[in-house]
Each structure stands twice: as structure tokens, then as C-alpha cells.
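So you know, we letter chains A, B, ... as the sequences are listed, proteins then strands, and number each from 1. Quick caveat: nothing in here was measured; it's all calculated off a predicted structure.
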Amino acid sequence: MGPVRTRFAPSPTGYLHIGGVRTALFNWLLARQAGGQFILRIDDTDSERNRAEALQPILDGFRWLGIDWDEGPEVNGPCAPYFQSQRNERYVQAAMILLEKGHAYPCYRLPAELQKEREAAEKAKKPYVHRGEHRQTSPEECLRLYREKKAALRLKVPDEGVISISDRIRGVVEWQASLIGDPIILRPDGRALYNFATVIDDSEMKITHVVRAAEHLSNTPVQALVYRALGAEMPEFAHVPVVNEPNSKKKLSKRDMKKFLTPEVRAKLMAVGWTAEAIEIRDDLNPATVAFYKELGYLPSGLVNYLGRLGWSLDDKTEIIPLADMIHNFSLERVNNSSASFDPDKLFWVAGEYMKNLPLSEKVEKVIPFLQRAGLLNAQPSEAERKKVQTIVAACGDRLKLFSDVLSYGTPFFLKDPLYETKALSKRVAKEGVPDLLREFSAKLRQLPDYSVPTLEQALRDFCQEKQINTGLVIHALRVATTGIEVGPGVFDCLHILGREESIRRIDLALELATPPAPGQ
RNA sequence: GCCCCCAUCGUCUAGUGGCCUAGGACAUAGCCCUCUCACGGCUAAGACAGGGGUUCGAGUCCCCUUGGGGGUACCA
């Protein structure tokens, strides 16, 4: 066997599905570990859609995640083309060889007739195994018949015997050949069927490891028979367990993804600037797709780590596995054989762990687009503005788990006036004695020698000490007065970011709002 | 119906016959730290689907049942 070559063969559906990425990732890891090649092949045999448009989101998704391909769309390679729709003549050619060699035969039965037979068998509680009448016809005669009148071409399945494959994840799996009906490999119009096309492609592309979703396990005996008939070398098979819906044993389906677009999900998307209409049009924006996480500002490295750990583990305790370690340590033998539920909470946590380790400068770069989209920053931020963003991001610290979190923590620093939460204002500012304290402290702010975080903190502590009051009282009041909200970076960071004049202006503004003029005045 | 696959805390997992009184992580709850939130620290609760075997000994091996999933296509 030559160098390790793995592949992922998505249909151009217009989005990159989470479950698919996991399978692709395992393939990619295997290839990278062995210094082999990872191939992207597009299964577009039945696609009537605009291919370029439906393919782009998939390529974008992989690129965003850093999963690169050595051969495939846009990069090409020695086995081009990498679109099944452009490879049909190869399938026809291969089918003709099987016909000549007596491994295939034409079948003139109509689908409707077969359907009836199937139903009859079902009623009789007997397995339905289709065997066409031309199974015994000589290859020469079959070829003559086929030339005379095109028909569906069926593969001859042995009458008896066991088809056995050794799956790298499942172990040995066997099927009775007598229970497998002769499958169609070519339609009367010459279009190949999946089970046939896949084998031709995998064989021609010298794929050494077919790592795919477990739902393909049942296709494998037929494919094994095609390899055998072709006289081609069989690749290693590894069927990875499917990814289930959160908290469910149901497969995370590509169909019916709309149900993941819950009100909460919609709210998250709208918080980062998507309108309800845009979400409707971009029907791929939901938690089952990669694009969703990109839009919400998840770190791609976090998503890759999470997906890699879903169904595979390094040992009994490691959760955070840098990509290089994952490449180095990945093995099919440690892939679980039971299906796994996708857990958005854990993904969120992993993404946060990666964010903690991201250099500040990178956070700043990645956060800027979210601020721009929200209209808080213009398209060409000045050096001063970038500096301000940096200060804000630094002040956010570990609170920033997603890039979009900059909106919940940073917005008050970009608005002209804070958006005051009424409740917070009445709870923290419009409170017995607090307005006077704020006024006094505000006056102190004016006199500070500088406006740094330590100076501010010292000033406040001294002030509270002097007044014999709890520091929290003033701190909470200050935070609400200057940012409008109760949660966020440390209050001294907030004051520092705003600067002296703006801090004081906002305190005055809050006091105005919180203390309505006394009646009669 | 028939064929194939799967089965440890709510979820992801460790476990390859004695190291298991079943370990870790997310989520949950409580406490601590603390200017809020987040981070961090500590603690709690929480699982071997059921039944038979095999064995001195079973989460681990075998069988059955149950439950999930996939296939049974001129879908992929």
C-alpha cells in the first residue's frame, strides 16, 4: 500500500454540517499524521443546484477551520476531476468491463414490477433478494443485449458465501451474500449509482483508508463486491459513529435543520447583527452548521478540538488537545463505536479555553469585525480606535469567550450615552445616600493626579474608608452610572477606558436620570 | 419482516477479567476568592439498560431480552 490517502466526499448542499466536519477531521488527522494526502471530492451526482454556490460555503468552512486539502476543488491534483458529475464516463467504462467479464448483467425489469415483488416478499415475511434473469446469460450475450437496448446494469452477487470486512473501528463484520440482492450499478441512462461511483473513485484515487459515517457500514458489502469484481485492492474501512442531536439519541440530521433555529439561537444571531429576514434567507445559520459558530465568533481551533474529542479520546483526562498533539496522537483504534450527542455547552467551554490562550493582538483583530458590523466602529478604524479596542479587550479578560462577547461587554464604551438599565439604575444609583456619594467622588475624580487603574482604585478605597462605608456601595453605583449595566469589566477599568471627562459626564447623566427633581420644583 | 451496528453519570468519555468503594471533563448545586460578571479553588449530587451464563473473580468474555441507530432503492 502506498502513502496514506484519505478523503471526504461531501454533497454540495450549501452548508458545512457539524457531523460531516467531524468525519472529515478524522480523515484529515489520519492523513496529516502519516504525511499522506487528504482529498476533497464532491459527490454532486444528483445535484441540480447551482454547484459553485452550494459548494463555496463548504470550502469556506473547511478553510476557516484550517482543514486543508491536498487535492480537490480549487487546488486540483493528479486525479482530477474531483467532481463526480464530471467523472461519469469513467463509471460507464468500468461498468462495461464488468459486463464483459461477466460480473454484471443488464436488467430489463421495471421498477414498478420489482416494487411489487418486494412487497409480496415482505408480506410473506421473507427477505427480498433480487436476482435478475440474465445472471446466467453469457457475457457476450449480455453485452449484445445491452448494446441493442440499454438497461439498468446489475452487479452479480455470489449465490452463497460470506462477505467479510475488517473494520478498523468495528472489527470483523460479516454478511451472507445470499441475503444481498444484485445491486444496480448503472442506470439505463448511463448514470452511475453511489455505491458504484464511490468505489471507482476511491480506487482510482488510490484511497487507502475509507473513514466515513457509520450509516455507510451497510453499503460496504456491496462495495467490497465491486472491488472484488474490479480486481482492485480494497482500502481499509473505518466507520465512525454518527453525531446525535444534543441530549438525544437521534442523529444530527442534515434534513430538518430548521428545528435548531430556536428563539434563543435566533436571538444570538440577531445580537451579532443578523436581521430576522437575513437569517431566513441564509437558511444554513443554525447550530448544526459550521457557519453558525463562525458568525458567533467561536475560535475555530476550539471547534476542531471539540469535534476531535467527540467520539475520540486521548486518554482518561485530557480535554484540551492542541492540534499538533491531536495529529500526533490520533488513532482509529481509540475512536468510540457508539454514537455521540453533540453538546453545545461543552463546545462553548472548549472555545473559551482556547480564547484564554489567544494573544491579545489576535483577539483585537478578530473582535473588530463584530464591532464594525454592530456599527460601533467604522470600516477603517484609526490607530487610536484600535488602541481603545485593545484596552477594552484586555479589560474583558477571560470574560471574552467568543469574539462576539465584545458586544455585550464593550458596547457601553462606544456609545455616546450608555443605555441605562432602569432596574440597575434604581437599585444601584437611586438609593439612599448614593447620589451624594457619587457627586462627592466625582469631584475627587477631577483632582486625581492621573487616571490610571491603580490610582482610581486607591482613590476609591481611601474615599470609602474616610466615609466609613462599604466600597461595594460606590463601586456598584459607579459601574451602573458609567456603563448602564451591572456586569462587565472591573469598574476601574471602565473608568480608565472612558477617561476622566467622560466618566464625570456619565455620572452626572446617571444622577439626572436617577434622581428626578423633587415635586413642586 | 429480514440484515448489520451500538449500549458506563443529563452529556462527552476512561476502563481491554482482580489496580473499580467505577476515574476525568462539560452542565447542575453549595461554599471560598471577589467591585458585578467571568476566571480560579474546594465540595456535593450523578452511571456500568435488564436477565442468564463462563470464571475463584465480570463494567470488562458469551448468550438472550429490551432500547437506540443504519440498511433493505434505478438516494447519497
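Remark: rA49(B) base-pairs with rU65(B). Criterion, Watson-Crick or G-U wobble with two distances under 3.5 Å. Pair assignment for rC35(B): none, as no Watson-Crick or G-U wobble contacts are both less than 3.5 Å. In this structure rC9(B) sits in no base pair that meets the Watson-Crick or G-U test at under 3.5 Å. With a cut-off of 3.5 Å on both pairing distances, rU54(B) has no Watson-Crick or G-U wobble partner at all. The partner of rC2(B), taking Watson-Crick or G-U wobble pairs whose two distances both stay under 3.5 Å, is rG71(B). Here rU28(B) sits opposite rA44(B) as a Watson-Crick or G-U wobble pair (both hydrogen-bonding atom distances under 3.5 Å). rA14(B) is unpaired under the Watson-Crick or G-U wobble criterion, no partner having all donor-acceptor distances under 3.5 Å.
Comparing rC3(B) with rC61(B), their C1' atoms are spaced 25 Å from each other, to the whole Å. With both ends at atom C1', the span from rU43(B) to rU55(B) equals 40 Å, rounded to whole Å. Nucleotides rA45(B) and rA38(B) place their P atoms 24 Å apart, quoted to the nearest Å. On the P atoms, rC37(B) is 13 Å away from rG30(B), given to the nearest whole Å. The P atoms of rC48(B) and rU8(B) are separated by 11 Å, rounded to the nearest whole Å. Annotation: rC35(B) and rA25(B) have their P atoms spaced 28 Å apart (nearest Å). Straight-line distance between the P atoms of rA7(B) and rU16(B): roughly 16 Å, to the nearest whole Å. When the C1' atom is compared between rU28(B) and rG46(B), the two are found 10 Å apart, to the nearest whole Å.
Between the side chain of Tyr420(A) and the main chain of Leu425(A), no donor-acceptor pair closer than 3.5 Å is present.
Using a 4.0 Å heavy-atom distance criterion, Pro188(A) is classed as a base contact. As judged by a 4.0 angstrom heavy-atom cut-off over every strand, Lys346(A) is placed among the base-contacting residues. At the heavy-atom level, Pro246(A) lies nowhere under 4.0 Å from the strands shown. Looking at heavy-atom distances under 4.0 Å, Arg118(A) makes contact with sugar-phosphate atoms alone, never a base. Within the nucleic acid shown, Asp398(A) comes within 4.0 Å of sugar-phosphate atoms alone, with no base atom in reach, counting heavy atoms only. Counting any heavy atom pair closer than 4.0 Å across all strands shown, Phe492(A) reaches a base atom. Using a 4.0 Å heavy-atom distance criterion, His239(A) is classed as making no nucleic acid contact. Backbone-only contact: Lys356(A) has heavy atoms under 4.0 Å from sugar-phosphate atoms and none from a base. Within 4.0 Å of Gly311(A), counting heavy atoms only, lie sugar-phosphate atoms of the nucleic acid but no base atom.
Between the CD atom of Glu119(A) and the P atom of rU72(B) there is a distance of 16 Å, given to the nearest Å. Straight-line distance from the CD1 atom of Ile42(A) to the C1' atom of rA76(B): 13 Å, rounded to whole Å. Residue Ile184(A) contributes atom CD1, which lies 16 Å from atom C1' of rA76(B) at whole-angstrom precision. Following rounding to the nearest Å, Lys250(A) (NZ) and rG69(B) (C1') show an atom-to-atom distance of 12 Å. Across the protein-nucleic acid pair, Ile58(A) atom CD1 and rA76(B) atom P stand 16 Å apart, rounded to whole Å. Put simply, CD1 on Ile180(A) is 15 Å from C1' on rG70(B), counting in whole angstrom units. In this structure, Phe342(A) places its CZ atom 16 Å from P of rU11(B), rounding to the nearest Å. One interatomic measurement links the two molecules: CG of Asn247(A) to P of rC9(B), which rounds to 13 Å at whole-angstrom precision.
One finds no side-chain N or O of Arg399(A) lying less than 4.0 angstrom from the OP1 or OP2 phosphate oxygen of rU36(B). Of the side-chain N and O atoms in Ser341(A), none sit less than 4.0 angstrom from OP1 or OP2 of rU11(B). In terms of phosphate contacts, Lys401(A) brings a side-chain nitrogen or oxygen within less than 4.0 Å of OP1 or OP2 of rC39(B). Residue Arg334(A) places at least one side-chain N or O under 4.0 Å from the OP1 or OP2 atom of rG15(B).
Between Tyr306(A) and Phe348(A), the ring centre distance reaches or exceeds 6.0 Å. Remark: aromatic rings of Tyr194(A) and His216(A) are close, center separation under 6.0 Å.
For the residue pair Tyr128(A) and His130(A), a side-chain donor N or O sits within less than 3.5 Å of a side-chain acceptor on the partner. Under 3.5 Å, the side chains of Gln84(A) and Asp44(A) contain no donor-acceptor pair of N or O atoms. Between Asn357(A) and Glu353(A), the side chains place no donor N or O within less than 3.5 Å of an acceptor N or O (distance only, hydrogens not considered).
For the pair Arg168(A) and Glu333(A), the salt-bridge criterion is met [side-chain N within less than 4.0 Å of a carboxylate O]. We find that Lys444(A) and Asp462(A) are not joined by a salt bridge, their nearest charged nitrogen and carboxylate oxygen being 4.0 Å or further apart.
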Protein-to-nucleotide contact annotation, 5' to 3' order, nucleotides 1-8 of chain B [B base; S sugar-phosphate only; - none; under 4.0 Å, heavy atom]: BSSSSSS-
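Mapping Glu353(A) and Asp493(A) onto RNA chain B by nearest heavy atom places Asp493(A) at the nucleotide closer to the 5' end. Nearest-nucleotide positions on RNA chain B place Tyr409(A) closer to the 5' end than the other of Pro111(A) and Tyr409(A).
The minimum heavy-atom distance between Tyr354(A) and Ser301(A), with the atom names listed, is CD2-OG, 3.3 Å.
Atom CG in Asp284(A) sits 9.0 Å away from atom OG1 in Thr13(A) (nearest 0.5 Å). Rounded to the nearest 0.5 Å, atoms CG (Leu323(A)) and CG (Leu25(A)) are 8.0 Å apart. Note that NZ of Lys156(A) is 6.0 Å distant from SG of Cys142(A), once rounded to the nearest 0.5 Å.
A heavy atom closer than 4.0 Å to some atom of RNA chain B occurs in Ile475(A), His476(A), Arg479(A), Glu486(A), Val487(A), Gly488(A), these being the qualifying members of residues 474-488 of chain A.
With hydrogens and angles left out, the side chain of Glu215(A) and the base of rG69(B) share no donor-acceptor pair within 3.5 Å.
In this structure, of rG10(B), rG24(B), rC35(B), it is rG10(B) that holds the atom nearest to the side chain of Asp343(A). Closest to the Tyr194(A) side chain, of the nucleotides rC26(B), rG24(B), rA76(B), is rA76(B).
Remark: of the listed residues His134(A), Arg154(A), Arg131(A), Arg131(A) is the sole one forming a side-chain hydrogen bond (donor to acceptor under 3.5 Å, both in side chains) with Asp182(A).
Taking 4.5 Å as the limit, some side-chain heavy atom of Val210(A) sits within range of a side-chain heavy atom of Arg7(A).
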